[in-house]
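In each ligand, atom 1 is the first atom listed, and ligand 1 is the first ligand listed. Note: hydrogens, waters and symmetry copies are ignored here, and every other heavy atom, side chains too, is used.
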Amino acid sequence: MIGKLYLIPSPIGNLKEVSPRMIETISSCDLIACEDTRNTAKLLSLIGVSKPCFSCHEHNEKQASQTLVSKILDGKTVGFLSDAGYPCISDPGLILVKEAIQNNIEIVPISGPNAFLNALIGSGLDTSHFFFYGFLDSRPSQRKKELENIKNITSTILFYESPHRINETLKDMYNILGDRKVVVARELTKLHEEFIRTSLKEITFSTPNLIGEMVIVLEGKEETKEDISNEIILNTYKKFIDAKFTTKDAILATSIALNIKKNLVYSLVNKEK
Ligand code: SAM
């Protein structure tokens, strides 16, 4: 019988977030694959479990995944942990998961700590729709391009960032995306946990000394009148025409109904003629 692959989140700071299921799962595994064997050895010793550890990190993931998959096919049960939080979320694991899926191996994700979800729910920004971006590129020119690409997203956006780039990143966000609400969630689950709820403008000009680990939670683009498509404008106009309004009155009625400028409706109607 072939084994299984367990994906096991680890604490993002507070070691009390080790769950009974995590301990039980690790105890049931034959082998623990992890990003850094020394870090994981400390965690295992904390929970009083001793298991062989196998290194699988971003620089050897392809090769290590093949070895791990062949061990699972031989009947071994493997648990995969990244250094903090969920495997596969801005951390290694995806190559291993894909390799396991190709070999029809059962994958069992365990629930547990994750930085961006804590940041999102504590931020006070819209949680009904959100977009997890992860890390922006560390090269300034690429980072700016990436920000240009996500300029029009209207849902809350979450970024991971390192403390030595945070001020530059917030400044680029302000320059490219304009002023928006932003929450910097620092040191989540730790002693000095803090939510800085502010705006891009305020934080850019105050340049606080932001240290520790942090997540940026950014308000999405405000849905403005410009987002009303030409199609919607013309359809609304046609409905008024069908209702026997004159051209002039239909233009006025459309601009009132959609709360947009009369000239915009006028120029679209003229283009259509
Ligand atoms: N796999 C992890 C997860 O599920 O959240 C993310 C790992 S990623 C390599 C590390 C980034 O996550 C940090 O640079 C920071 O942006 C964020 N992070 C991790 N722990 C955090 C914490 N305790 N407080 C705030 N942000 C944290």
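Salt bridge status for Lys76 with Asp74: absent, with no side-chain N to carboxylate O gap under 4.0 Å. Comment: Lys151 engages Glu148 in a salt bridge, judged by a side-chain N to carboxylate O separation of less than 4.0 angstrom.
Ligand 1 has no atom lying under 4.0 Å from any heavy atom of Ser162. The shortest separation from a heavy atom of Ala84 to ligand 1 is under 4.0 Å, placing the residue in contact. A heavy-atom separation below 4.0 Å is found between Phe135 and ligand 1.
Taking 4.5 Å as the limit, every side-chain heavy atom of Thr77 sits out of range of all side-chain heavy atoms of Leu31. Looking only at side-chain heavy atoms (C-beta outward), Val18 and Pro11 come within less than 4.5 Å of each other.
The aromatic rings of Phe240 and Phe245 lie tilted to each other, with the angle between the two planes from 30° to 60°.
The closest protein non-hydrogen atom to atom 5 (O) of ligand 1 is Tyr160 OH, 2.6 Å. With hydrogens left out, the protein atom closest to atom 25 (C) of ligand 1 is Glu213 O, 3.3 Å, a heavy atom. Regarding atom 18 (N) of ligand 1, its nearest protein heavy-atom neighbour is Ala115 CB, 3.5 Å.
Looking at Ile166, Leu188, Asn114, it is Leu188 that brings a heavy atom closest to atom 22 (C) of ligand 1. The residue from Ile216, Thr189, Val215, Asp91 that puts a heavy atom closest to atom 7 (C) of ligand 1 is Asp91.
A side-chain N or O of Glu146 and one of Tyr133 form a donor-acceptor pair less than 3.5 Å apart. Side-chain polar atoms of Asn14 and Thr189 form no donor-acceptor pair below 3.5 angstrom.
Contacts between Met214 and ligand 1 below 4.0 angstrom, taking non-hydrogen atoms only, involve the backbone exclusively. Here Lys190 has side-chain heavy atoms under 4.0 Å from ligand 1, and that is the only part of it that gets that close.
Remark: side-chain polar atoms of Asn103 are paired, donor with acceptor, to backbone N or O of Glu99 under 3.5 angstrom.
Ligand 1 has a nitrogen or oxygen under 3.5 angstrom from a nitrogen or oxygen of Ile12. The N/O atoms of Arg186, backbone and side chain alike, include none that comes under 3.5 Å of an N/O atom in ligand 1. In terms of polar-atom proximity, Gly85 is not counted as a contact of ligand 1, lacking any N or O under 3.5 Å from an N or O of the ligand.
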Open item on the list: Apply salt bridge (Lys or Arg N to Asp or Glu O under 4.0 Å) to residues Lys190 and Glu213 and explain how you reach the verdict.
Closed with: CA-CA 10 Å; Lys190 303 183 198 175; Glu213 297 202 274; 3.2 Å; yes
